[in-house]
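These notes are about the structure you will find just below.
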There are 4 protein chains.
Amino acid sequence: MSGSTFGQLLCVTNFGESHGPAIGCVVDGCPPGLPLSEADLQPDLDRRKPATSRHVTQRRESDRVEILSGVYQGVTTGTPIALLIRNEDARSGDYAELTATFRPGHADYTYWRKYGIRDPRGGGRASARLTAPMVAAGAIARKWLGLAFGTRIRGHLQQLGELDVPFESWEMVNANPLFAASLDCVPQLEAKLDALRRGGDSCGAVVRVVASDVPVGLGNPLYDKLDARIAYAMMGINAVKGVEIGSGFASAAQLGSTHGDELTPDEFVSNHAGGVLGGISTGQDIEVRLVLKPTSSIRLPRRSVDLSYRAVTVSTQGRHDPCVGIRATPIAEAMLALVLMDQALLHRAQNADVRHELAPLPASAGEPGSDA
Amino acid sequence: MSGSTFGQLLCVTNFGESHGPAIGCVVDGCPPGLPLSEADLQPDLDRRKPATSRHVTQRRESDRVEILSGVYQGVTTGTPIALLIRNEDARSGDYAELTATFRPGHADYTYWRKYGIRDPRGGGRASARLTAPMVAAGAIARKWLGLAFGTRIRGHLQQLGELDVPFESWEMVNANPLFAASLDCVPQLEAKLDALRRGGDSCGAVVRVVASDVPVGLGNPLYDKLDARIAYAMMGINAVKGVEIGSGFASAAQLGSTHGDELTPDEFVSNHAGGVLGGISTGQDIEVRLVLKPTSSIRLPRRSVDLSYRAVTVSTQGRHDPCVGIRATPIAEAMLALVLMDQALLHRAQNADVRHELAPLPASAGEPGSDA
Amino acid sequence: MSGSTFGQLLCVTNFGESHGPAIGCVVDGCPPGLPLSEADLQPDLDRRKPATSRHVTQRRESDRVEILSGVYQGVTTGTPIALLIRNEDARSGDYAELTATFRPGHADYTYWRKYGIRDPRGGGRASARLTAPMVAAGAIARKWLGLAFGTRIRGHLQQLGELDVPFESWEMVNANPLFAASLDCVPQLEAKLDALRRGGDSCGAVVRVVASDVPVGLGNPLYDKLDARIAYAMMGINAVKGVEIGSGFASAAQLGSTHGDELTPDEFVSNHAGGVLGGISTGQDIEVRLVLKPTSSIRLPRRSVDLSYRAVTVSTQGRHDPCVGIRATPIAEAMLALVLMDQALLHRAQNADVRHELAPLPASAGEPGSDA
Amino acid sequence: MSGSTFGQLLCVTNFGESHGPAIGCVVDGCPPGLPLSEADLQPDLDRRKPATSRHVTQRRESDRVEILSGVYQGVTTGTPIALLIRNEDARSGDYAELTATFRPGHADYTYWRKYGIRDPRGGGRASARLTAPMVAAGAIARKWLGLAFGTRIRGHLQQLGELDVPFESWEMVNANPLFAASLDCVPQLEAKLDALRRGGDSCGAVVRVVASDVPVGLGNPLYDKLDARIAYAMMGINAVKGVEIGSGFASAAQLGSTHGDELTPDEFVSNHAGGVLGGISTGQDIEVRLVLKPTSSIRLPRRSVDLSYRAVTVSTQGRHDPCVGIRATPIAEAMLALVLMDQALLHRAQNADVRHELAPLPASAGEPGSDA
């Protein structure tokens, strides 16, 4: 029940601070026999890592991951897999001022109130840097899900500030530094980010993640629903303020006759449910949307107080993303992978013996991404 | 790690089916010494129970709760509190047809695929009836939070179908059967519900829940954030498809200079964060919004398949709410109460010794409900 | 993480007090499709229940169990199974004196110190009566294990006070009220119990439990070993003060060349390990021994204090077992069944895909019970 | 619910293999504000480490621990504390033969059956080397308990093979390499160990651990008792086959009038309970005894089989302890410290508000170690 452990059977225990000696995690519960090496983890880490474009923080980290345990002769053994990433570009500057004031929108105030002490270096434990170990762990889940079920998990930037980013194709997502699923709009997005950076401000974003070829039957009815686990995972990511499944908030204005996905002998006709009914996966695409608030660290001066509650003005210098949502795509993919693998293990624990007399309904033949 | 157990230190284990002999829960971990009787639980149960107006299911249940354990001479003893509610208006009709087809939007299909068997009577385990034990458990948490911190948890209907429901005052919420915080709009809402019922259709809704006078410091940084726990709790409620904290999805289009709540020596100036920063409560109001999809059980005929994947047409008769969101307000309040009490116990386990040299920042003096 | 919930995937949440309205439990995580009715649970409950002979408490309880949920048309559905047993012979006498003093050897003092309040009626929550729900839950596990693997779980009284009780055959165990595996010694044991009862004193006991035809591979290496889970389960039973696996404490004086069980192509040659190596089951019999302290409620006067720490003399009247170990056999069997089923579910969650090229080693051909 | 995570609120997630790059653990849930550095952890690690005398394995490991996170400016921050110990004397020899046969008494066979694969190098995950991270974690718990309550946790070797080791004084324990609480018997013990080593055999041992000045009220009644947690912790240590609390197995032959510890206004008169009544600590010394089986790795040839179940003879060469019980004392102390700190946090989560009108009963004035 460790607060830093994610998952129930596939358990990821995260540790580290932004400017401490290292960050990492322990992944426990992975089935044995999975071929695994650092090369499986590095590509996702590289997609998330800083300084990949001018639009994200310029901190220089190679984010090289070392597997310390749980793998023997290139194969998982079923024992805990410890992953270590050394911090390379940590700065040991003078944090006295940072410690003495609370940056608006930051966890400074709440950490201080909860713990009476905090590591102020680069945001300490609250830094988005701590998503790196989750991305590494997620790469394990992604590989296992792919081999076991053919599951694919993909995400893209759907909104940047007030700009909608259209979905054209999954192929485009990794062909630009913003995880946009359309290349045409990239110059406009980049212009927006450049302007924000120049102005010392930041903006929010919406990311969409889709899991395809998900086994049917994952999740529990009450209250540990699959969508509840997904919401928990996404809201746990730094800066996330909202999560939707399927039609999400648009469901409010829908009629039941519209929302309820009809079935034909061939498929579900639509996917307003987002792949989850009654807390259990339908086999359709899992459709998730999450919103990330604007980066709290901005150069523009703002009002705050110091530890004695005297008024101060705070302006955050240093290396920061003008939009934390930019790098959120691989993170959200990783969290979804972790949830799905965990639920797949839980499902077979209880239901491995379930046999149906008939073949399952084919999954929707709808284009991935066509119904969100 | 039971899928039917909610909470980490305040643990609620839910059981029962809609038309079985009884539903209920076991509440474990409640501190001893709390004065408690059935009279503390019944008011919230009565707010949620069916047949309180023509707009909700006409099933007749008194929802009388019996405390079976954990209370001695009117006071909790620290041992498990078992709560039992007998089903009184269960119907043992012919469910053969129901079992043989899958109602669109329902958990019929996913239960059948996960378990190979399901209790079809009134939705079985998937019925919203199973929220009653959570409401009873939530009443315990609400009482404890109130005595310990003065915390109040209140909710209201914010949107019905495409209609926005304005917030006028908390006092109005319990003065109408729809949990609207404005009385003027009730006739319009009722007309809408009447029309839906006549037409055999249903609609969705948005509910807002606010916790005031919440202690600062509740929650964990990564990934077990307070808002992640809240999202998990809300998304676990039947029919919920989305959850927001604070500015939620509107954060995407905000600037950092707008979103980040400034501080003055007297207060936070705004509450875009919704009372949570870095996963930890700020002491401001916790602001949560959740969306509920339209009721899946509608009279309008829809396409589906039977267990042999042959095409059928399904039309759901029987007693159903035209909008499950109507009764969701007391449920969402209960779930928020359970999360906050659980987190309050977790917080003092780790941080009971934390001492600050200075007094805490006063909570925002803003009107509750004025900034969401 | 509820303190009253036992198990990780097969979770039993226990509730109730000795003289409250009811006791019971919720069993969550049971696979669907298991044929189950009250008739499966009652035999084990009847073996444990009071007043089956003059050697145990004369409290009159039918211990009739009612299944409230989780079973539909005689088969488990995969949802929580709630079990309810009403207390029938609870006595509402004057407990004022009991509440004011601490009985030596009882939980009176520790409950009062931990909770500041306690239900004194018949021992309240600390009563051995609360083992009944575990026995009922264990009957579910026993049935599942039997159908899934042919596993049998059997126990017997091995020592009563200073008297050893020889093992002759399993058949004899249920043919006498003391769970002795030998009938010849029963008169001697009964004479001892009669003498204790007349003298107002009590004695301890040792119980042995053996699980046969256990699947190989159950358990985790560190530190959640199968034997650690078994020790936890047994030590959790009221009055248990020690647990051994296999050779247990006798291992200290053994040589490694004796203790280490050799293997031949046909079998393990011995079973000093008690069926567990490195925390994982070998497929041999699981051999467990547990010791129960003498009943604390005795008529002989003893020194104690009241709530003001003034010296008092305490003599416990009422209905009590002169040896709580007498009824411990079905309880220990139930707890072992719960552990093994839980571990079987955990094992297949992680290792369902494991394939060996070769057939497994046959289990030991040794007589069950021949090597402890 | 990770199998490699120990504890409920103070959670220790252990990772590593004997001959992998590193071993370690993540300690989550430690209260903030505890002064901590590597210097607090090293002394206990040094007591456990190999090659401290000729009686233990000659593997050369400095067991230097590095704190990777959770400590800032010499004080815990409340976030996860990651501890890393590099393996320095790992040998990459030819393990082909080891992998192909099963050493009697070892986990070789069960790992292979459970996982279908195993890391054979030096016992891999099953090596007693994996107790080092627990000893480091235990040192944190020990420090916190000492500062919070003055709790002391001490252990000693009580039996070596068939030889009893008398208790003379705690001071002597660290003055000899065998953790004997008497110096006079050390030559006899050393002679026994020398003979075993020459003969290529091994023996078992009994270790006693005592916690003094433990707060009253720790633990839960059913079934998550304090003694159940202790039994779980001790049985989780490599090679342990039995655990006793207080009078333990000797309780069987005791009378209730003897076993039940009487109280006077000044103290408990005896401590047959071993400091736990009804699953909750009494404030008296916690008295625990555990037995460790003889080392399984011996030079004497024994019968076994290979992966094709053909008969082979196995003789284990290499560096091994002739009695694993020798180094078990600091390990058992560490595990007891972890349990007690975890329970202390759990206790205050639920019961921080409990107030008694009267002062607690003074703890027994009996000499520590005088009543086991």
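Just so we're on the same page: letters track the sequence lines, and every chain starts at 1.
- Remark: C:Leu9 CG to A:Leu346 CG distance equals 6.5 Å, nearest 0.5 Å.
- The two residues C:Ala349 and A:Leu345 make their nearest non-hydrogen contact at O-CD2, 3.1 Å.
- Highest contact tally toward chain A, considering only C:Pro31, C:Gly33, C:Ala148, is held by C:Pro31 [criterion: heavy-atom pairs under 4.5 Å].
- Looking at residues two or more places apart in sequence or on another chain, you find a side chain to side chain contact (heavy atoms under 4.5 Å, CB included) between C:Ala334 and C:Val135.
- A donor-acceptor pair under 3.5 Å is formed between the side chain of C:Arg348 and the backbone N or O of A:Gln350.
- Atoms CG and CG, from C:Asn220 and A:Asp28 in turn, are 7.5 Å apart once rounded to the nearest 0.5 Å.
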